[in-house]
Amino acid sequence: MIVMKFGGSSVADAACMRQVGALVRDRLDQAPLVVLSAMGKTTNALFDMARAAEVGDLPAALETLAIVRGAHRQAADSLCEGAMPEALDEALTEHFGELELRLRGVALLRELSPRSLDAIAAFGERLSTLVFAAWFGVERVDARQVLLTDATFGEAAPQAERIRLRAAEVIGPLLGAGRAVVTQGYIGATADGLTTTLGRGGSDYSAALFGAALGASEVQIWTDVEGVLTCDPRVVPEAQPIAELSFAEAAELAAFGAKVLHPATIQPAVEADIPVTVRHTLRPEGAFTTITGRVATGRPVTALATRGGLTVLTVSSTRMLHQPGFLAKLFEVFARHRVSVDLIATAEVSVSLTVEEDVPLEPLLADLRAFATVAVVRDRALVAVVGERLKATPGLAGKLFGALGDLNVEMISMGANEINLSLVVAASDAPRALGQLHRVLMAEPLLAGSGV
Ligand code: ADP
Ligand code: ASP
Ligand code: MG
């Protein structure tokens, strides 16, 4: 079997869903499990509704609900060419009725727990799959029966072994050459049946989890780009498709801001040794990326990524730095405040670290300042240069810094796995840094034996 996952833009309206239908129909002999995201920006709209209800603005919440309902009804009507089956009509009414009740509850209590938010956010995938499965005439499995997670609402951790058992039990018997099965991405449930979500962008993760659980021969991520490109095309329009990517490179790119894949996607696929492909829904004949455990051949630098919203802390202590245990003491403070550190660079008397800009900084700083001075610089972005062959390419550092020209680099860190060189720059410099790096590093000739 294969897994075919379609992202929000691939199921945004009836025309998109028809294209998805055509792609699935072409691959029916491969026994596809179709994993769908919410239509277009539905998940954002659901978050907006929930937040409006939380502050007591029920009219605003219901207005957004009406827009979302309109979009789903319109898609269903258009797909069914005006003859919507009664069962679908009723199911839509029922879903929107339940959603409205939940919003009214939130507005009444002016309280939105992570648990309620997940129940509301899950409607996006529940609805898109409802419409698609009814129109396409295929079995729809509620992912919450299979994708069991812990109770960390908003970012639930999947329980692989239980998922495997449930998938074999619930989905396995439905799969077969000549037919498709549809289920939701992003959503799951706790053992006692409470709805959870895997975090924004989590449908990719669902696809990989289902693929691993069912022993898929391939997990296909269908989206709005021709595979993983050498950079986000919205930042660097000259970005080019990458034919082959290693799991490690893909994981680094995802973690460092390449939105094309959810950061955790790759892990279940790596463990099960299942290739993941990234393909363009509207250009199925175009270029695509295959991600496997092998080190692909290609350029010294495979791709660039960027992630903004960082704060740099430089912790200095002339007295302490050389003493054994200083770093342990430093990180103990971060651990105690539950602040995770991204990048680290050490110098003679100081350590620079990056943290996400939205972490509560003041209590952490107060504790750090008990034994060190701390300088805080906000509005920074990370620029990551990723490639399995980075370390084996002499002269790369010279080219890299040459490419940056007069741009100021504030911190540099080579990832311990040596496939990721990260630079910290002012957020406003990041697009220019990426453009300049891309121009120079991607002009490198392909290495011998290249598959690209
Ligand atoms: P989907 O809704 O299908 O999950 P996403 O919006 O999550 O799609 O991911 C696709 C988007 O990722 C692209 O439109 C592109 O702007 C962005 N992106 C960021 N970095 C890259 C990259 N290196 N290669 C391709 N796309 C990228
Ligand atoms: N619909 C969810 C989101 O927008 C999950 C996904 O699309 O991957 O975050
Ligand atoms: Mg996505």
Side-chain angles (χ1 to χ4, degrees), residues 4-12 16 19-20 35-48 68 117-118 120-129 143 147 154-156 183-188 196-210 219-243 245 249-265 276-283 286-289 291 301-308 383-387 430-431 434 437-438 442:
M4 302 178 76
K5 177 261 170 177
F6 293 90
S9 58
S10 302
V11 289
C16 295
Q19 170 69 1
V20 169
V35 177
L36 299 185
S37 283
M39 287 176 64
K41 305 264 181 242
T42 302
T43 311
N44 288 353
L46 290 163
F47 273 76
D48 291 347
V68 170
L117 182 57
D118 269 2
I120 292 171
F123 274 90
E125 275 69 11
R126 289 175 61 194
L127 287 161
S128 65
T129 51
L147 212 137
E155 196 110 26
T183 192
Q184 302 89 7
Y186 181 53
I187 72 172
T196 55
T197 67
L198 301 180
R200 295 305 306 271
S203 294
D204 301 331
Y205 195 11
S206 303
L209 288 162
F210 285 124
V219 172
Q220 304 179 343
I221 307 285
W222 292 87
T223 181
D224 61 354
V225 275
E226 287 187 14
V228 181
L229 308 183
T230 49
C231 194
D232 186 342
R234 286 180 230 191
V235 184
V236 178
E238 312 84 78
Q240 288 162 19
I242 302 167
L245 203 61
E249 289 173 325
E252 291 292 322
L253 284 172
F256 284 92
K259 192 192 157 218
V260 64
L261 287 174
H262 184 287
T265 315
V276 176
T277 56
V278 181
R279 300 161 186 267
H280 198 317
T281 303
L282 298 180
R283 283 180 232 143
F288 64 94
T289 301
I291 306 169
V301 171
T302 306
L304 308 174
T306 185
R307 179 149 55 78
V383 170
V385 178
V386 174
L434 280 170
L437 285 171
H438 195 272
M442 297 305 164

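Both ligands and their constituent atoms are indexed starting at 1 by order of listing. Heavy-atom basis, side chains included; hydrogens, waters and symmetry copies ignored.
Residue-level proximity to ligand 1 for S10 is absent, since no heavy atom of it falls below 4.0 angstrom. With a 4.0 Å heavy-atom cut-off, ligand 1 is reached by no atom of H262.
Residue T223 has at least one nitrogen or oxygen atom sitting less than 3.5 Å from a nitrogen or oxygen atom of ligand 1, judged on distance alone. At least one N or O atom of D224 sits closer than 3.5 Å to an N or O atom of ligand 1. For a threshold of 3.5 Å applied to N or O pairs, the pair formed by L229 and ligand 1 contains at least one separation below that value.
Side chain of T223 to backbone of G7: no donor-acceptor contact under 3.5 angstrom is found. Put simply, the side chain of Q19 gets close to the backbone of T281: a donor and an acceptor are under 3.5 Å apart. Formation of a donor-acceptor pair under 3.5 Å by the E125 side chain with backbone atoms of A38 is found in this model. Although no hydrogens or angles enter the test, the distance criterion places no donor-acceptor pair under 3.5 Å between the side chain of R126 and the main chain of Q184.
Nearest protein neighbour of atom 16 (O) of ligand 1, counting heavy atoms only, is R234 NE, 2.7 Å. The nearest heavy-atom contact from the protein to atom 26 (N) of ligand 1 is V260 CB, 3.5 Å.
Listed by number with element, the atoms of ligand 1 under 4.0 angstrom from any heavy atom of V228 are 24 (N). In the vicinity of G8, heavy-atom distances shorter than 4.0 Å reach the ligand 1 atoms 2 (O). In summary, the atoms of ligand 1 found under 4.0 Å from a heavy atom of G227, numbered by their order in the structure, are 25 (C). Taking a cut-off of under 4.0 Å to the non-hydrogen atoms of K5, the atoms of ligand 1 that pass are 4 (O). The contact set between ligand 1 and G7, taken as ligand atoms under 4.0 Å from a residue heavy atom, comprises 1 (P), 2 (O), 3 (O), 4 (O).
For D118 and T196, the side-chain atoms include no donor-acceptor pair closer than 3.5 Å.
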Where does ligand 2 get N/O contacts under 3.5 Å from the protein, atom by atom?
from     : atom 1 : to   : atom 2 : distance (Å)
ligand 2 : 1 (N)  : T43  : OG1    : 2.7
ligand 2 : 1 (N)  : E125 : OE2    : 2.6
ligand 2 : 4 (O)  : T43  : OG1    : 3.3
ligand 2 : 4 (O)  : R200 : NH2    : 2.9
ligand 2 : 7 (O)  : S37  : OG     : 3.1
ligand 2 : 8 (O)  : G201 : O      : 3.3
ligand 2 : 8 (O)  : G202 : N      : 3.4
ligand 2 : 8 (O)  : S203 : N      : 3.0
ligand 2 : 8 (O)  : S203 : OG     : 3.2
ligand 2 : 9 (O)  : R200 : NE     : 2.6
ligand 2 : 9 (O)  : R200 : NH2    : 3.4
ligand 2 : 9 (O)  : G201 : N      : 2.8

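For atom 19 (C) of ligand 1, the choice among V235, D232, V386 with the nearest heavy atom turns out to be D232. Across H280, K259, Q240, E226, heavy-atom proximity to atom 7 (O) of ligand 1 is greatest for K259.
Between I242 and A303, the closest heavy-atom pair is CD1-CB, 3.8 Å. For C231 against H438, the heavy-atom pair with the smallest separation is CB-CD2, 3.8 Å. Looking at every heavy atom in both residues, A239 comes nearest to T230 through CA-OG1, 3.4 Å. The nearest pair of heavy atoms linking Y186 to S206 is N-OG, 2.8 Å.
At least one heavy atom of C231 lies less than 4.0 angstrom from ligand 1.
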Decide yes or no on side-chain contact (heavy atoms from CB on, under 4.5 Å) for L253 and L261, but give the supporting numbers first. CA-CA 8 Å; L253 284 172; L261 287 174; over 6 Å; no
Yes or no on side-chain contact (heavy atoms from CB on, under 4.5 Å) for N44 and R200, after CA distance, side-chain angles and deciding distance? CA-CA 10 Å; N44 288 353; R200 295 305 306 271; 2.8 Å; yes
Full working for side-chain contact (heavy atoms from CB on, under 4.5 Å) between L147 and L198: CA-CA 10 Å; L147 212 137; L198 301 180; 4.0 Å; yes
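Put simply, the side chain of L127 does not reach to within 4.5 Å of the side chain of T42, judged on heavy atoms.
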